[in-house]
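To start, the structure under review is shown below, and the notes come after it.
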Amino acid sequence: NIGESAFIAYNKGTDMLYVTNWLDNKEYKNYFIWEINPENLEIVRTLQFPSPVGNILFENNKNRAYVDIIAKKKSLLHSYILIYDIKTLKMVDEIKVPLGLREIAIDEERNLLFAGNALVNIVEVIDLKTKKTVNIFKCGNYLLVDLALDTKRKYCFVTTQHFGIFRFNY
């Protein structure tokens, strides 16, 4: 047993699978993403992280990968979206958001990042050029679960536990 898989994403640009994983033993915790060959399921590269890794999202026209992490040792009061160059797997930027990040989505055409927070049930809309929040939407009172974008209509859909589906126009 080499860890526990959590999230998986396929990237058309690299023709690779990316799987978040962690290895937990008594002495240390390791959090990482594996880049996996989809033909033979062999691990090609491993990228280590400072804390548990959530989702992986790709912006193919810019060769970027967005990875959400719960927190970093230097700041346990925030979650982070780490931005990586897909080809080199080197971090090129980060965006600090309130603690509780659960889901992310991107409108590539409008250069907007959507960060869903499960602790306070908000979706923060962030301009990727400036890294500034341009809008915040409240989505019920209990546990944001997932979000999806309809970029044609400029809708963001949000599911929550006990409060159903929310839709807002951005």
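Counting begins at 1 with the first residue of the sequence. Computed from a prediction, not measured in an experiment: that's the story for all the values here.
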Can you give me the closest heavy-atom contact between [X] and [Y], atom names plus distance?
X      : Y      : answer
Ile126 : Ala115 : CD1-CB, 4.4 Å
Gly54  : Thr20  : O-CG2, 3.1 Å
Leu89  : Tyr84  : O-CD2, 3.4 Å
Glu103 : Asn55  : OE1-ND2, 3.2 Å
Ser79  : Gly100 : OG-N, 3.2 Å

Determine whether [X] and [Y] fall in the same hydrophobic cluster, where Ile, Leu, Val, Met, Phe, Trp and Tyr are linked whenever their side-chain heavy atoms lie under 4.5 Å apart.
X      : Y      : answer
Ile8   : Ile104 : no
Ile95  : Ile106 : yes
Ile33  : Leu82  : yes
Tyr31  : Ile56  : yes
Phe114 : Val97  : no

Answer yes or no: is there a side-chain heavy-atom contact under 4.5 Å between [X] and [Y]?
X      : Y      : result
Leu99  : Leu77  : no
Tyr18  : Val67  : no
Phe157 : Tyr155 : yes
Leu47  : Met91  : no
Asn63  : Thr14  : no
Arg64  : Leu128 : no
Cys156 : Arg167 : no
Leu101 : Asn117 : no

| query | Checking side-chain contact (heavy atoms from CB on, under 4.5 Å) for the pair Asn111/Glu59: CA distance, chi angles, key distance, verdict? | reply | CA-CA 10 Å; Asn111 211 28; Glu59 188 178 26; 3.9 Å; yes

| query | Which pairs, with at least one residue in residues 124-137 and sequence neighbours excluded, count as a salt bridge (Lys or Arg N to Asp or Glu O under 4.0 Å)? | reply | Asp93-Lys131

| task | For Val158 and Phe168, run side-chain contact (heavy atoms from CB on, under 4.5 Å): C-alpha distance rounded to whole Å, both residues' side-chain angles, the deciding distance at 0.1 Å, then the answer. | result | CA-CA 9 Å; Val158 180; Phe168 59 84; 4.0 Å; yes

| said: For Lys90, give me all partners under side-chain contact (heavy atoms from CB on, under 4.5 Å), at least two apart in sequence or on another chain. | reply: Thr88

Using distance only, find each side-chain donor-acceptor pair of residues 136-152 under 3.5 Å and give its atom names and separation, not counting sequence neighbours.
| unit_1 | atom_1 | unit_2 | atom_2 | d |
| --- | --- | --- | --- | --- |
| Lys138 | NZ | Val120 | O | 2.7 |
| Lys138 | NZ | Gly140 | O | 3.3 |
| Asp150 | OD1 | Lys152 | N | 3.2 |
| Asp150 | OD1 | Arg153 | N | 3.1 |
| Asp150 | OD2 | Arg153 | NH1 | 2.6 |

| note | To the nearest 0.5 Å, atom CE of Met16 lies from atom CG of Asn11 at 10.0 Å

| Straight-line distance of Leu57 CG to Phe7 CZ, nearest 0.5 Å | 12.0 Å

| query | Going by the angle between their ring planes, with limits at 30° and 60°, are Trp34 and Phe32 parallel, tilted or perpendicular? | reply | tilted

| Just wondering, are more than 12 heavy atoms of other shown residues or ligands nearer than 6.0 Å to CD1 in Ile165? | no

| message | Salt bridge or not between Glu35 and Arg45? Use side-chain N to carboxylate O under 4.0 Å. | response | yes

